[in-house]
Amino acid sequence: MNEQPLRPIKRSGAFSPVLMELTIIILFFAISTSIVVRLIASASAISDESRYHTRALQAMESVAEQIKADPVGDGAVNMCGVRSFSVEVAPDLQVNAIVTGDPSPKNGTLYEIELNVTSENGDVYSLDAARYVPDAEVSP
């Protein structure tokens, strides 16, 4: 018998199964990485939008409390009895306010307050409030 060790026959131009497996693993990790990067970018955008929404809501609540404290303000109203103005809270955050006085309730005035903020991407956040002021509290 021949005592030579058995060696596999070499084929020219054939892929090794290990090389194919490594190629598949690299493709899988590349696809997984791109999906994770997209998820992180999407989460960041949602976080930024949520942060702006929270800031807008806090700004509108603050302005509403200021208006409730002095609903008449400077007294400048248009012919319909509506006072409208804007308050710049931050360079990217401006609260628009409309205050309408309704003197029809008995013995007082009901002030309806409409507040809104328009974000840079066009979303509109709004808040409505009201305050009833008895006639005894209304300043001249």
How long is the straight-line distance from [atom2] of [Y] back to [atom1] of [X], given to the nearest 0.5 Å?
{"X": "Y52", "Y": "N121", "atom1": "OH", "atom2": "CG", "result": "8.5 Å"}
{"X": "H53", "Y": "D48", "atom1": "NE2", "atom2": "CG", "result": "14.5 Å"}
{"X": "D123", "Y": "E49", "atom1": "CG", "atom2": "CD", "result": "5.5 Å"}
{"X": "L39", "Y": "S44", "atom1": "CG", "atom2": "OG", "result": "12.5 Å"}
{"X": "R131", "Y": "E65", "atom1": "CZ", "atom2": "CD", "result": "10.0 Å"}
{"X": "S84", "Y": "I98", "atom1": "OG", "atom2": "CD1", "result": "6.0 Å"}

Query raised in the report: Around E88, counting heavy atoms of other residues, nucleotides and ligands shown, do more than 12 lie under 6.0 Å from its CD?
Result: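 Yes.
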Query raised in the report: Going through the checks in order, is the side-chain contact (heavy atoms from CB on, under 4.5 Å) test met by I67 and R83?
Result: CA-CA 11 Å; I67 294 172; R83 180 171 68 115; 4.2 Å; yes
Requested in this report: Compute whether any side-chain donor of one residue and acceptor of the other, for E112 and T100, lie under 3.5 angstrom apart.
Outcome: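 Their side chains do not contain a donor-acceptor pair, so the 3.5 Å distance test is not met.
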Query raised in the report: Is the backbone of Q58 close enough, under 3.5 Å, to the side chain of S62 for a donor and an acceptor to pair up by distance?
Result: no
Nearest heavy-atom neighbours spanning [X] and [Y]:
{"X": "G101", "Y": "Y111", "answer": "CA-CD2, 3.8 Å"}
{"X": "E61", "Y": "L127", "answer": "N-CD2, 4.0 Å"}
{"X": "V99", "Y": "F85", "answer": "CG2-CE2, 4.1 Å"}
{"X": "S86", "Y": "Q94", "answer": "CB-NE2, 3.0 Å"}
{"X": "L93", "Y": "R55", "answer": "CD2-O, 3.7 Å"}
{"X": "K68", "Y": "I113", "answer": "CG-CD1, 3.9 Å"}

Query - By salt bridge (charged side-chain N to carboxylate O under 4.0 Å, His left out) - contacts of D102 (at least two apart) - result: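 None.
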Identify all side-chain donor-acceptor contacts of residues 22-37 below 3.5 Å with residues at least two apart in sequence or on another chain.
unit_1: T23; atom_1: OG1; unit_2: L19; atom_2: O; d: 2.8
unit_1: S32; atom_1: OG; unit_2: F28; atom_2: O; d: 2.9
unit_1: T33; atom_1: OG1; unit_2: F29; atom_2: O; d: 2.7
unit_1: S34; atom_1: OG; unit_2: I31; atom_2: O; d: 2.8

